[in-house]
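Every chain is numbered from 1 and lettered A, B, ... according to where its sequence line falls, protein lines coming before strand lines. Quantities reported herein were computed from a predicted structural model and do not represent experimental measurements.
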Amino acid sequence: MDKIKLFNSLMSKKEEFIPFDDKCVKIYACGPTIYKSPHVGNFRSFIIFDVLFRFMQQIYPKVIYVRNLTDIDDKIISESKLRNIPHKSLTNEVHESFKFDSEKLNVLNPTYEPKATEYIHNMIQDIEKLIENGFAYVADGNVLFDSTKYDDYRAFCKNMNSESGARIELTSIKKHENDFVLWKPSNDVFWSSPWGNGRPGWHIECTSMSKEILGFPFDIHCGGQDLIFPHHTNERAQGYGLCNVDCAKYWIHNHFVNIDNNKMSKSSSNALDLKKLLEKYNPMVIRLFLLMSHYRHPMNWSEDGLEEAGNIYAKWKRSLSEIEIGNTILSSVYNALADDINTPLAIKKISEIIKNNEDLGSAKKSCEILGIHFNDAGSIDNDLIEGLVQKREEARKNKDYNLSDQIRDQLKQMGIIIEDSKDGIKWRKE
RNA sequence: GGCCGAGUGGCAGAAUGGCUUAUGCAGAGGAUUGCAAAUCCUUUUAUGUCGGUUCGAUUCCGGUCUCGGCCUCCA
């Protein structure tokens, strides 16, 4: 078995994964902002980290996986105003929808799924501590983080903000261009604080929740690539300001799902509604498709790609659905996943094993690590189908091929595929 | 403008300093079949571009082109 290696964005290289405590691995992933249902692009992230979670559980006796819900921010407030409903109703509704989609796509529940609004108290405490430690200052009912107090601020972004072309504006309350809000005044949705009624900034939410639940430092911090700056940059700064430590050791970031060569995002209105896709495609096919390219590479959403994933899934299902699941995963799949979660390679290895009809039990176990199952949704009327299959067989024996083909078409309409193999007639769901 | 990433056969997408150049889909031919389906066998096509290092590069280095991302909320 190979060593586990992960690409650490902080170092820009693959590193061997060595947990702080090999009895208990701690992972934090930035979850969705629940003002609008997550789209397939968001789910690429949740699925890849779900695979990481499953894989780590396979190796370490205990894994604590935290994925938060951002249930308070500007977009939530404006969306709830737009729809004229309380922000709580909006976030509850979107959360329910997210749970539904996650279940369909076989995304496991994280160990903890904290909501930001349940940790306001911790955030206020942490902000006070940051002020006390000299990393934050108060301005006009706002509290801001002083980015110049953290020397390593640019670790992720390097020379990103050069003089020309930088789009950051110095507002009247900011002392430095990279300073960011920890607390801001608010009069529609607010909590009381030492600085008046207001609400937290986005970055402190994740810091307070990960600090409270996992403690600093924890092992892996995950998220989409677009979070590197400013979100994760600022989380590191806050963690340092609070505990004088890097809050996480490994930072891993997934690339995006593109559509027509452009990033899919909620704000650019090219996002595909997962609910509609789930009506059209088997969720396992969508999941497999999203795992068919490496998480650090951009991938393009395409019908052809889904069709291909559908073919692979159908092939796997034919070989594995009746097989008893094994206890161990294939070593080739282990090594593929150990090498920076190389899911396309893992898929290749599973396909090879199935093709050679080798260790199918372990192949099925490997599928489980990828979160691919072969359970049929919905019930089918076995007696009805068996009856039709037998009727067709009789017609075939009598060489009444018109009738037999008619029944085959009828079954096909019901989503049942007939196969006349050498060892008898088989049927399966499409 | 700065920083980052990507460019592999018809498509998707791995791997690799040289060896029989994956895998899947599609295409072609064949076996099997009442016809199909499924399965099996055979088979065609590739590493953006220009240089450098090397006995040898798709792989390392540099230039160049193209595309994408971040620099504002974003998985």
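- Regarding contacts with the backbone of rG13(B), every side-chain N or O of Asn342(A) stays at 4.0 angstrom or more from both OP1 and OP2.
- Taking 4.0 angstrom as the limit, Lys263(A) places none of its side-chain polar atoms (N or O) nearer than this to OP1 or OP2 of rG68(B).
- The closest side-chain donor-acceptor pair between Thr33(A) and Asp73(A), if any, does not fall under 3.5 angstrom.
- Side-chain atoms of Ser186(A) and Asp188(A) include a donor-acceptor pair closer than 3.5 Å.
- One can place CG of Leu290(A) at 16 Å from P of rA12(B), the figure rounded to the nearest angstrom.
- The residue Lys266(A) sits close only to the backbone: its heavy atoms come under 4.0 Å of sugar-phosphate atoms, none of a base.
- Checked against ring pair (Phe, Tyr, Trp, His ring centres under 6.0 Å), His87(A) has no partners two or more places apart in sequence or in another chain.
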*Heavy atoms under 4.0 Å is the rule here; annotate nucleotides 22-37 of chain B 5' to 3' with B where the base is hit, S where only the sugar-phosphate is, and - elsewhere.*
BSBS--------BBBB

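- The side chain to side chain donor-acceptor pair (under 3.5 Å) test with Glu393(A) is passed by exactly one of Lys391(A), Lys397(A), Arg396(A): Arg396(A).
- The aromatic ring centroids of His255(A) and His294(A) lie 6.0 Å or more from each other.
- The distance between atom CE of Met299(A) and atom C1' of rC67(B), rounded to the nearest whole Å, is 17 Å.
- Rounding to whole angstrom units, CG of residue Leu52(A) and C1' of rA75(B) are separated by 15 Å.
- Comparing rA14(B), rA38(B), rG68(B) by their closest approach to the side chain of Asn262(A) singles out rG68(B).
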*Intra- and interstrand pairs of RNA chain B - dot-bracket, Watson-Crick/G-U under 3.5 Å, | marks other strand*: (((((((..(((.....[....))).(((((.......)))))....(((((..]....))))))))))))....

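- Across the protein-nucleic acid pair, Asn178(A) atom CG and rG2(B) atom P stand 18 Å apart, rounded to whole Å.
- For the residue pair Thr117(A) and Trp191(A), no side-chain donor N or O sits within less than 3.5 Å of a side-chain acceptor on the partner.
- No contact: His231(A) has no heavy atom under 4.0 Å from any strand.
- Contacts of Gly223(A) with the nucleic acid, taken as non-hydrogen atoms under 4.0 Å apart, involve only primed sugar atoms and P, OP1 or OP2.
- Here the options are Tyr153(A), Phe145(A), Tyr150(A), the test is ring-ring contact (aromatic ring centres under 6.0 Å, His included), and the partner is Tyr240(A); only Tyr150(A) passes.
- Whole-Å rounding puts the Asp226(A) CG to rC4(B) P distance at 18 Å.
- A straight line from CG of Leu227(A) to P of rU72(B) spans 14 Å, rounded to a whole angstrom.
- Using a 3.5 Å distance cut-off with no hydrogens or angles, the side chains of Asn68(A) and Tyr112(A) do not pair a donor with an acceptor.
- As judged by a 4.0 angstrom heavy-atom cut-off over every strand, His253(A) is placed among residues making no nucleic acid contact.
- Taking the six-membered ring for Trp and the full ring otherwise, His221(A) and Tyr250(A) have centroids separated by 6.0 Å or more.
- Distance, Arg154(A) CZ to rC70(B) P: 19 Å, rounded to whole Å.
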